[in-house]
A.B. asks: 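One structure follows; several queries about it will come next.
If you're wondering where the values come from, they're calculated on a predicted model, not measured in any experiment. We count ligands from 1, going down the list as the structure has it; atoms in each ligand are counted the same way. When a residue number appears, it is its place in the shown sequence, counting from 1.
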Amino acid sequence: MSVDVLVGTQWGDEGKGKLIDVLTRDVDMVVRFQGGNNAGHTVEIGSEKYVLHLVPSGIFRPGVACVIGNGLVVDPVDLMNEMQSLKDRGIDISAIELSDKAHLIFAYHKRYDKLKELAAGTAKIGTTGRGIGPAYADKAHRCGIRGGELKNLESLKVLFTAECKKYNKIFADAGVETLNIDEEWAKVEVAAKYLAPFVCDTVISVNKAAKAGKNVLFEGAQGALLDIDHGTYPFVTSSNTTSGGACTGAGVAPRYIDTVWGVMKAYTTRVGEGPFPTELFDASGEELRKIGNEFGATTGRPRRCGWFDAVISAYSCMINGVNKLAITKLDVLDTLEEICICTAYELDGKVITEMPTNANELARVKPIYEKLPGWCQSTAEARSMADLPENARKYLARIAELVDAEVAIVSVGPKRDQTFLA
Ligand code: GDP
Ligand code: IMO
Ligand code: MG
């Protein structure tokens, strides 16, 4: 019986969705605790492929409670569509719970997100355009609208109309098209009616499950380097993506947490703007993108690709308290004759092994690489450590040593069964 947190250790898209689905075989409840539909979590089961944005990746295991916790920002129209499309594909969605404290994202947040990005020009963050930042800003400004309001159409309409008017003034002042409040309300009303039966105080259900000794798994979104406090600020998302976020984002006390799973891609990717020391701009970067199919699950944007960076990954394991690593996409490196690992940076003539906090400094560092021989054979069929070529095992061992955590799971393909315990 355990309460575990699973987080991304890089800049997102490490394969969290796949790992949650795999681990949920032995779990009673999966809880998302931050972010929103900026996330895109892919789960492949047999010939079926699903991309989840708000619904927890435990949804494919019958009987598992799937909680959308208080720390999220939720677009009600998109959530309704996501739930309905799962239902249309024969997935039981009745075990979904939506927190009455989660903040809601409306059309005005999305429009404002895009307006801010446009105004920032070359200094843009490269957001997903899903209104994440503006919705979290409204939460901090204490003018956000929460999930509980979905159960009260009358007061929801009053609140929504007032906020929409406020944003329309901003849009008009900026010379941007304003929103038609009646049209937008009509969409919100449909979604509110659909979602109302799923809204509850999820803090109670999560704590009841933890106290009853159930297996609870917290599903992180994004990655540690996108954390609003610890990431490459300002090129980050607007929530705490690190393991500590599970406590505030679900209302569960730190003493309940047993294991912190860190999902770590065998190389590095990033979507959007911001520093990325090991980014590859040559044919090998293109190769990783092609073999790894590195295109955003939410926006379809090509992901920037680069070598494994042990400096950022070790920092990430430290702030998350990772004690078990799930290394994913090892198979993507199968054809490479030589593989690089960044073990330190050079900054202004000095060698450093700690990640600089300042994004401008991180943008100036030069990675120092250690070269390891590749294995030049397929790992996709491996189902145990013993099945892996020796050089692949050495590569994993070196990563574990550099980030100071134990490799517990290895993933060698997108399917459920392409996973084994280390
Ligand atoms: P998430 O956001 O962390 O859930 O990750 P995404 O779903 O955005 O991106 C991970 C991508 O890699 C998805 O297309 C997965 O199907 C795929 N994937 C996951 N694990 C592996 C693996 O071990 N090998 C390969 N080749 N693909 C994987
Ligand atoms: P998953 O859960 C990768 C990135 C965006 C942008 C920055 C801010 O699938 O790993 P936002 O819309 O959150 O304000 O954008 O964060 N970003 C992600 N990158 N995976 C994600 O989620 C991401 N969610 C946000 O590209 O750089
Ligand atoms: Mg993703």
Side-chain angles (χ1 to χ4, degrees), residues 6-22 32 34-45 48-54 56-57 72-73 75 105 109-110 112-114 116-117 124-137 219-228 231-239 241 262-276 288 290-304 326-334 378-380 382 409-420:
L6 179 142
V7 289
T9 56
Q10 294 150 319
W11 279 289
D13 306 324
E14 298 89 350
K16 299 176 292 293
K18 175 191 159 162
L19 261 297
I20 290 282
D21 171 62
V22 167
R32 275 278 307 267
Q34 47 70 228
N37 58 343
N38 47 352
H41 295 179
T42 314
V43 177
E44 289 194 25
I45 304 164
E48 295 293 311
K49 180 172 169 175
Y50 304 88
V51 180
L52 300 162
H53 302 286
L54 282 161
S57 306
L72 278 89
V73 282
D75 184 323
I105 298 181
H109 291 122
K110 287 188 271 191
Y112 190 65
D113 192 355
K114 287 176 185 150
K116 270 202 83 193
E117 285 281 272
K124 71 175 184 191
I125 288 161
T127 72
T128 58
R130 298 295 190 268
I132 305 295
Y136 275 118
E219 175 176 2
Q222 290 81 53
L225 278 307
L226 288 170
D227 184 285
I228 182 113
T232 47
Y233 191 89
F235 302 101
V236 292
T237 190
S238 302
S239 64
T241 59
V263 187
M264 194 172 268
K265 212 177 262 193
Y267 49 99
T268 314
T269 62
R270 173 163 206 169
V271 202
E273 308 300 319
F276 179 177
L288 287 177
K290 211 171 79 199
I291 301 175
N293 191 24
E294 295 294 357
F295 295 89
T298 295
T299 58
R301 290 179 289 178
R303 294 176 183 147
R304 300 157 65 191
I327 308 273
T328 60
K329 303 195 99 162
L330 186 68
D331 56 298
V332 176
L333 306 179
D334 283 351
S378 174
T379 56
I409 286 184
V410 180
S411 168
V412 290
K415 309 267 184 230
R416 258 183 189 170
D417 67 340
Q418 292 180 299
T419 323
F420 56 85

A.B. asks: What do you reckon, does R130 have a nitrogen or oxygen under 3.5 Å from a nitrogen or oxygen of ligand 2?
C.D. replies: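 N/O-N/O distance under 3.5 Å: no.
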A.B. asks: Is there side-chain contact between Q418 and E44, with at least one heavy-atom pair below 4.5 Å?
C.D. replies: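 The answer is no, as the side chains (C-beta and beyond) never meet within the 4.5 Å cut-off.
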A.B. asks: Using a 4.0 Å cut-off to any heavy atom of S411, which atoms of ligand 1 qualify?
C.D. replies: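 Those atoms are 20 (N), 21 (C), 22 (C), 23 (O).
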A.B. asks: Are any of the heavy atoms in G40 under 4.0 Å away from ligand 2?
C.D. replies: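 In this structure, G40 qualifies as a contact of ligand 2 - some heavy atom is under 4.0 Å.
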A.B. asks: For a 4.5 angstrom cut-off between non-hydrogen side-chain atoms, does P134 reach K116?
C.D. replies: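 Side-chain contact under 4.5 Å: no.
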A.B. asks: So that I can tick it off, tell me whether R130 and D75 are bridged by a salt bridge, with the cut-off set at under 4.0 angstrom between side-chain N and carboxylate O.
C.D. replies: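 No.
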A.B. asks: Ignoring hydrogens and angles, state whether a donor on the side chain of T241 or Q222 is under 3.5 Å from an acceptor on the partner side chain.
C.D. replies: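 Per modelled atom types, T241 and Q222 side chains form no pair under 3.5 Å.
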A.B. asks: Measuring from atom 17 (N) of ligand 2, which candidate in T237, N38, L226 has the nearest non-hydrogen atom?
C.D. replies: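 Looking at heavy atoms only, the winner is L226.
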A.B. asks: Please tell me if the side chains of F235 and R270 come closer than 4.5 Å, counting only heavy atoms from C-beta onward.
C.D. replies: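 F235 vs R270: side chains touch.
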A.B. asks: Would you mind listing which atoms of ligand 1 come within a distance below 4.0 Å of any non-hydrogen atom of G17?
C.D. replies: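 Matching atoms, with element in brackets: 4 (O).
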A.B. asks: Against ligand 1, does H53 come closer than 4.0 Å with any heavy atom?
C.D. replies: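 Judged by the 4.0 Å heavy-atom criterion, H53 does not count as contacting ligand 1.
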A.B. asks: So, does R270 sit close enough to ligand 2 that a heavy atom of it is under 4.0 Å from the ligand?
C.D. replies: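 No, R270 has no heavy atom closer than 4.0 Å to ligand 2.
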A.B. asks: To the nearest 0.1 Å, how far is atom 27 (O) of ligand 2 from its closest protein heavy atom, and which atom is that?
C.D. replies: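 Scanning the protein heavy atoms, the shortest distance from atom 27 (O) of ligand 2 goes to V271 O, 3.1 Å.
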A.B. asks: Please identify which atoms of ligand 1 are closer than 4.0 Å to at least one heavy atom of A297.
C.D. replies: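 Listed by number with element: 8 (O).
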A.B. asks: Do T269 and D13 have side-chain atoms, one donor and one acceptor, less than 3.5 Å apart?
C.D. replies: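 The criterion, which ignores hydrogens and geometry beyond distance, is not satisfied for D13 and T269.
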A.B. asks: In terms of heavy-atom contacts, does CZ of F295 have more than 12 from other residues, nucleotides or ligands at under 6.0 Å?
C.D. replies: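 Yes, enclosed.
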A.B. asks: Give the intermediate values and the outcome of side chain to side chain contact (heavy atoms under 4.5 Å, CB included) for residues Y136 and T237.
C.D. replies: CA-CA 10 Å; Y136 275 118; T237 190; 5.7 Å; no
A.B. asks: Quick one, L19 and E14 - any side-chain contact, counting heavy atoms below 4.5 Å?
C.D. replies: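 No, their side chains stay 4.5 Å or more apart.
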A.B. asks: Which ligand 1 atoms, with their elements, are less than 4.0 angstrom from a heavy-atom of E44?
C.D. replies: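 Ligand 1 atoms under the 4.0 Å threshold to E44: 16 (O).
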A.B. asks: Would a 4.5 Å heavy-atom cut-off, applied to side chains only, mark L288 and E294 as touching?
C.D. replies: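 L288 vs E294: side chains apart.
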A.B. asks: I need the contact type for W11 against ligand 2. Using non-hydrogen atoms and a strict under-4.0 Å cut-off, is it side chain, backbone, both or neither?
C.D. replies: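 Only the backbone of W11 comes within reach of ligand 2.
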A.B. asks: Evaluate side chain to side chain contact (heavy atoms under 4.5 Å, CB included) for E273 paired with I125, printing each intermediate quantity in order.
C.D. replies: CA-CA 5 Å; E273 308 300 319; I125 288 161; 5.7 Å; no
A.B. asks: Given G15, G8, G413, which has its nearest heavy atom closest to atom 21 (C) of ligand 1?
C.D. replies: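 Selected option, by shortest heavy-atom distance: G413.
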A.B. asks: If you measure every N or O of E14 against every N or O of ligand 2, does any of those distances drop under 3.5 Å?
C.D. replies: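 No, E14 has no N/O under 3.5 Å of an N/O on ligand 2.
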A.B. asks: Going by the order shown, which atoms of ligand 1 are within less than 4.0 Å of some heavy atom of H41?
C.D. replies: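 Once the distances to H41 are compared, the set is 1 (P), 2 (O), 4 (O), 7 (O).
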A.B. asks: Considering only the protein, which heavy-atom contact is closest to atom 26 (O) of ligand 2, and what is its distance?
C.D. replies: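 Of the protein heavy atoms, R301 NH2, 2.9 Å lies nearest.
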A.B. asks: Can you tell me if Q222 has a non-hydrogen atom under 4.0 Å from ligand 2?
C.D. replies: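 Yes, Q222 has a heavy atom closer than 4.0 Å to ligand 2.
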A.B. asks: Select the closest option to atom 8 (C) of ligand 2 among V236, T42, I132, T128, judged by heavy-atom distance.
C.D. replies: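 Residue with the shortest heavy-atom distance to the ligand atom: V236.
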A.B. asks: Looking only at non-hydrogen atoms, which of T127, I125, L52, V73 approaches atom 14 (O) of ligand 2 most closely?
C.D. replies: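 Checking each option, the heavy atom nearest atom 14 (O) of ligand 2 is found in T127.
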A.B. asks: To which protein heavy atom is atom 14 (O) of ligand 1 closest, and what is the distance rounded to 0.1 Å?
C.D. replies: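 Ranking protein heavy atoms by distance from atom 14 (O) of ligand 1, first comes T42 OG1, 3.9 Å.
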A.B. asks: Identify, by atom number and element, the atoms of ligand 1 in contact range of V412, meaning under 4.0 Å from any of its heavy atoms.
C.D. replies: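 Close to V412: 23 (O), 24 (N).
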A.B. asks: Mind checking whether L330 has an N or O less than 3.5 Å away from an N or O of ligand 1?
C.D. replies: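 There is no such contact.
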A.B. asks: By number and element, which atoms of ligand 2 are closer than 4.0 Å to a non-hydrogen atom of A39?
C.D. replies: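 Selected atoms, number and element: 1 (P), 2 (O), 9 (O), 22 (O).
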A.B. asks: Of all N, O or S atoms in D13, identify the one at the shortest distance from the Mg ion (ligand 3).
C.D. replies: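 Restricting D13 to its N, O and S atoms, the minimum distance to the Mg ion (ligand 3) goes to OD1.
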A.B. asks: With side chains defined as the heavy atoms from C-beta onward, is the minimum distance between N37 and I132 less than 4.5 Å?
C.D. replies: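 Side chain of N37 against side chain of I132, heavy atoms only: contact under 4.5 Å found.
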A.B. asks: Determine, using heavy atoms of R303 and all atoms of ligand 2, whether some pair is separated by less than 4.0 Å.
C.D. replies: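 No, R303 has no heavy atoms under 4.0 Å from ligand 2.
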A.B. asks: Any idea which of K16, Q418, K18, K329 brings a heavy atom closest to atom 11 (C) of ligand 1?
C.D. replies: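 It is K329 that holds the nearest heavy atom.
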A.B. asks: Return a yes/no value for K49: is any of its N or O atoms, backbone included, closer than 3.5 angstrom to an N or O of ligand 1?
C.D. replies: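 N/O-N/O distance below 3.5 Å does not exist for this pair.
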A.B. asks: Is any side-chain heavy atom of H41 less than 4.5 Å from a side-chain heavy atom of I20?
C.D. replies: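 No - every pair of side-chain heavy atoms lies 4.5 Å or more apart.
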A.B. asks: In the protein, which heavy atom is nearest to atom 20 (N) of ligand 2, and how far is it?
C.D. replies: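 Residue, atom and distance for the closest contact: D13 OD1, 3.1 Å.
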A.B. asks: Taking OH in Y50 as the centre, count heavy atoms belonging to other residues, nucleotides or ligands within less than 6.0 Å. Is the count above 12?
C.D. replies: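 For Y50, atom OH is crowded (more than 12 foreign heavy atoms under 6.0 Å).
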A.B. asks: Check this for me - ligand 2, E273, N or O atoms closer than 3.5 angstrom, yes or no?
C.D. replies: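 Among all N and O atoms of E273, none is under 3.5 Å from an N or O of ligand 2.
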A.B. asks: Look only at interatomic distance and state if T328 has a nitrogen or oxygen under 3.5 Å from any nitrogen or oxygen of ligand 1.
C.D. replies: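 No, since none of the N or O atoms of T328 sits under 3.5 Å from an N or O of ligand 1.
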A.B. asks: So, G40 and the Mg ion (ligand 3): N/O/S under 2.8 Å, yes or no?
C.D. replies: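 G40 does place an N, O or S atom closer than 2.8 Å to the Mg ion (ligand 3).
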A.B. asks: If hydrogens are left out, which of G126, P234, G272, G17 has an atom nearest to atom 6 (C) of ligand 2, that is, the closest non-hydrogen atom?
C.D. replies: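 Shortest heavy-atom distance from atom 6 (C) of ligand 2: G126.
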A.B. asks: Can you sort out which atoms of ligand 2 are near A221, meaning under 4.0 Å from one of its heavy atoms?
C.D. replies: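 Numbered from 1, ligand 2 contributes 2 (O).
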A.B. asks: Would you mind reporting whether T232 and W11 have side-chain heavy atoms less than 4.5 Å apart?
C.D. replies: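 In short, these two side chains touch, coming nearer than 4.5 Å.
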A.B. asks: Looking only at heavy atoms of G40, does any of them come nearer than 4.0 Å to an atom of ligand 1?
C.D. replies: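 A heavy atom of G40 does come that close to ligand 1.
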A.B. asks: Under a 3.5 Å threshold, yes or no: a donor from one side chain and an acceptor from the other, between T299 and R301?
C.D. replies: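 Indeed, the side chains of T299 and R301 share at least one donor-acceptor pair under 3.5 Å.
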A.B. asks: Are any side-chain N or O atoms of Q10 and backbone N or O atoms of L225, one a donor and one an acceptor, separated by less than 3.5 Å?
C.D. replies: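 Judged by distance alone, no pair lies under 3.5 Å.
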A.B. asks: Under a 3.5 Å cutoff, is there a donor and acceptor pairing between the side chains of K18 and T419?
C.D. replies: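 A donor-acceptor contact under 3.5 Å links the two side chains.
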A.B. asks: Would you mind running through ligand 2 and noting each atom that sits below 4.0 Å from a heavy atom of K16?
C.D. replies: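 Under 4.0 Å from K16, ligand 2 has these atoms: 1 (P), 2 (O), 10 (O).
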A.B. asks: Going by atom types alone, do S57 and E219 pair a side-chain donor with an acceptor below 3.5 Å?
C.D. replies: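 S57 vs E219: donor-acceptor pair found between side chains.
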